[in-house]
Peer 1: 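Let me begin by handing over the structure; questions about it come next.
Remember, it's 1-based here, ligands and their atoms both numbered in the order they're listed. We number each residue from 1, following the sequence as shown. Values below: all heavy atoms of this structure, side chains included; hydrogens, waters and symmetry mates excluded.
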Amino acid sequence: MSKNNDELFKNVISHAKEYGFVFQSSEIYDGLSAVYDYGQNGAELKNNIKTYWWKSMVQMHENIVGIDAAIFMHPTTWKASGHVDGFNDPMIDNKDSKKRYRADQLIEDKIARYEKDGKTQKAEELQTAMDEALKADNLTALRDLIVEHEIACPISGTRNWTDVRQFNLMFSTKIGAVADEADVIYLRPETAQGIFVNYLNVQKTGRMKIPFGIAQIGKAFRNEVIARQFIMRMREFEQMEMQFFVRPGTEMEWYEYWKQTRLKWHKAVGTDPAKYRFHDHTKLAHYANAAVDIEFQFPFGFKEVEGIHSRTDFDLSQHQQYSGKKLQYFDPEINQNYVPYVIETSIGLDRMFLLTLINAYEEQDLSEGDKKDSRVVLKLHPCLAPVKAAILPLTKKDGLPEKAREIMDRLKLDHNLVYEEKDSIGKRYRRQDAIGTPFCITVDHQSLEDNTVTIRHRDTMEQERVAIDQLERIIGDLVSLKNLLV
Ligand code: ATP
């Protein structure tokens with residue numbers, strides 16, 4: 001990460017805390033590693049991202065419905081899905097620092113260093129060797145690469161490594177009052193399985209016809225070996241997933257459709273298109289016949305935000321086998337029964353949140369001549385902004401607060417607003433800029449005479465005088481999700 005990017009990222013993290021977006025979990029007890037809480041503005045922003053996703057997936061597609069499955073699931077679910085046996089990360093410990101690392105991430109860091117030093121061939125060779133070792137589940141080969149390429153522990157600086165071992169990422173707990181081995185259950189590591197096990201329930205009760213989709217937003221838990229980069233890699237996070245059930249043989253058409261549709265969703269909020277790219281998986285999971293990541297250029301490089309996977313009939317077939325229940329579809333068009341194929345779109349809500357914050361964050365120098373001035377502004381799309389408008393009486397007297405409250409009462413049914421009368425109007429504007437409020441509505445003495453107010457626009461800082469009667473329409477038009485969905 002270059003110094004500028006490093007600094008930008010640090011500033012975004014402090015801004016997120018200072019303005020009530022994201023806090024370290026249980027901070028008064030020194031925090032819990034890789035677990036975060038969303039504050040008053042963060043919760044609003046997160047909800048707005050969820051609504052944008054939910055409406056564009058469920059409301060805008062007649063053949064997609066949404067569910068809300070439980071976090072706890074029958075333990076056999078995770079046997080069938082392959083998570084009990086295969087949801088592992090290869091880990092290695094340094095004997096001197098006692099620090100634990102993901103073996104593949106240590107190697108990836110080395111590859112990045114080779115690339116930075118212009119040693120492209122070495123980087124490519126190491127990448128290929130690592131891919132082969134991972135594919136073959138060859139843990140000894142992974143360790144050999146660490147030794148051969150003289151990878152040292154970033155803390156102790158030594159190369160005194162343990163063997164590489166597999167580490168299952170699922171959290172387990174016990175259900176019921178009397179706990180024994182048989183009662184072990186897991187916190188779901190992905191929301192997708194809640195959709196697969198409900199495939200038949202939804203298909204039958206909703207009389208769904210293929211192709212159709214089931215969407216869900218919910219928490220997922222992974223005991224990540226190492227957590228880094230703020231809310232990028234958390235142990236408790238949220239996913240927005242959709243499984244689209246299709247006739248076998250048509251999956252590639254739908255795969256292409258969802259690739260393009262999802263990228264369009266990302267770009268609609270005004271993010272620079274050059275910051276997005278597709279990254280095709282060359283090493284496919286055993287159940288997939290195509291997979292791509294939508295990556296965003298974070299300050300620490302291009303990283304995955306969303307995955308689009310063609311999962312064949314793997315999951316439904318596995319659940320069919322383990323449960324003994326038929327999970328099939330009778331397709332009247334071809335007069336055949338089959339287990340549907342699935343295209344999955346899976347986006348991390350917290351990563352989307354981080355992306356949105358980074359993309360919106362701007363430090364502006366507003367100095368004019370000798371007069372120094374600056375501001376931090378979050379240029380969030382108005383649909384996503386936590387607060388849509390601030391209502392600001394110019395002074396605390398002369399009936400201005402009463403007039404401002406009247407406006408507030410009219411608008412608050414539709415929008416999340418704040419009312420502020422403390423400090424100078426300039427300071428109040430800056431506070432709203434910092435949380436991304438698109439409009440500041442100022443009530444002054446003229447408002448009492450002619451029922452007009454000024455609207456100050458966040459990005460241009462321009463002000464216009466408008467009739468109070470027009471506010472509902474002006475704000476409503478600009479913050480409406482219609483701007484993104486149609
Ligand atoms: P990565 O390779 O970064 O670990 P993944 O390929 O394991 O991610 P998936 O299992 O495809 O991720 O999950 C879908 C999405 O869930 C990812 O694109 C990401 O946005 C999000 N996600 C996965 N793990 C985490 C995590 N630990 N913290 C936050 N978001 C996550």
Peer 1: Using the side chain to side chain donor-acceptor pair (under 3.5 Å) rule, collect all pairs that involve residues 150-162, keeping only residues at least two apart or in two chains.
Peer 2: Asn94-Ser156, Asn94-Thr158, Asp96-Thr158, Asp96-Asn160, Ser156-Thr158
Peer 1: Do you see a donor-acceptor pair shorter than 3.5 Å between the side chains of Gln193 and Asp315?
Peer 2: yes
Peer 1: For the residue pair Thr191 / Glu241, report whether a side-chain donor-acceptor contact shorter than 3.5 Å exists.
Peer 2: yes
Peer 1: Would you mind listing every side chain to side chain donor-acceptor pair (under 3.5 Å) that reaches into residues 30-39, with sequence neighbours excluded?
Peer 2: Ser33-Arg235, Tyr38-Asp350
Peer 1: With no hydrogens and no angle check, is any side-chain donor or acceptor of Tyr199 less than 3.5 Å from a backbone partner on Pro340?
Peer 2: no
Peer 1: Go ahead and list the nitrogen or oxygen contacts between ligand 1 and the protein that come in under 3.5 Å, distances to 0.1 Å, or just say none.
Peer 2:
from, atom 1, to, atom 2, distance (Å)
ligand 1, 3 (O), Arg233, NH2, 2.9
ligand 1, 3 (O), Arg351, NH1, 3.1
ligand 1, 3 (O), Arg351, NH2, 3.1
ligand 1, 4 (O), Arg233, NH1, 2.8
ligand 1, 4 (O), Arg233, NH2, 3.4
ligand 1, 6 (O), Glu304, OE1, 3.3
ligand 1, 7 (O), Arg222, NH1, 3.1
ligand 1, 10 (O), Arg222, NH1, 3.2
ligand 1, 10 (O), Arg222, NH2, 3.0
ligand 1, 13 (O), Gln239, NE2, 3.4
ligand 1, 16 (O), Gln239, NE2, 3.3
ligand 1, 18 (O), Glu304, OE2, 2.7
ligand 1, 18 (O), Val305, O, 3.2
ligand 1, 20 (O), Val305, O, 2.8
ligand 1, 20 (O), Gly348, N, 3.0
ligand 1, 24 (N), Arg222, NH1, 3.4
ligand 1, 27 (N), Glu224, OE2, 2.7
ligand 1, 27 (N), Met234, N, 3.3
ligand 1, 27 (N), Met234, O, 2.8
ligand 1, 28 (N), Met232, O, 3.4
ligand 1, 28 (N), Met234, N, 2.9

Peer 1: Give the table of side-chain donor-acceptor pairs shorter than 3.5 Å for residues 108-121, with sequence neighbours excluded, one pair per line with atom names and distance.
Peer 2:
from, atom 1, to, atom 2, distance (Å)
Lys110, NZ, His149, O, 3.4
Tyr114, OH, His149, ND1, 2.9
Gln121, NE2, Glu125, OE2, 3.2

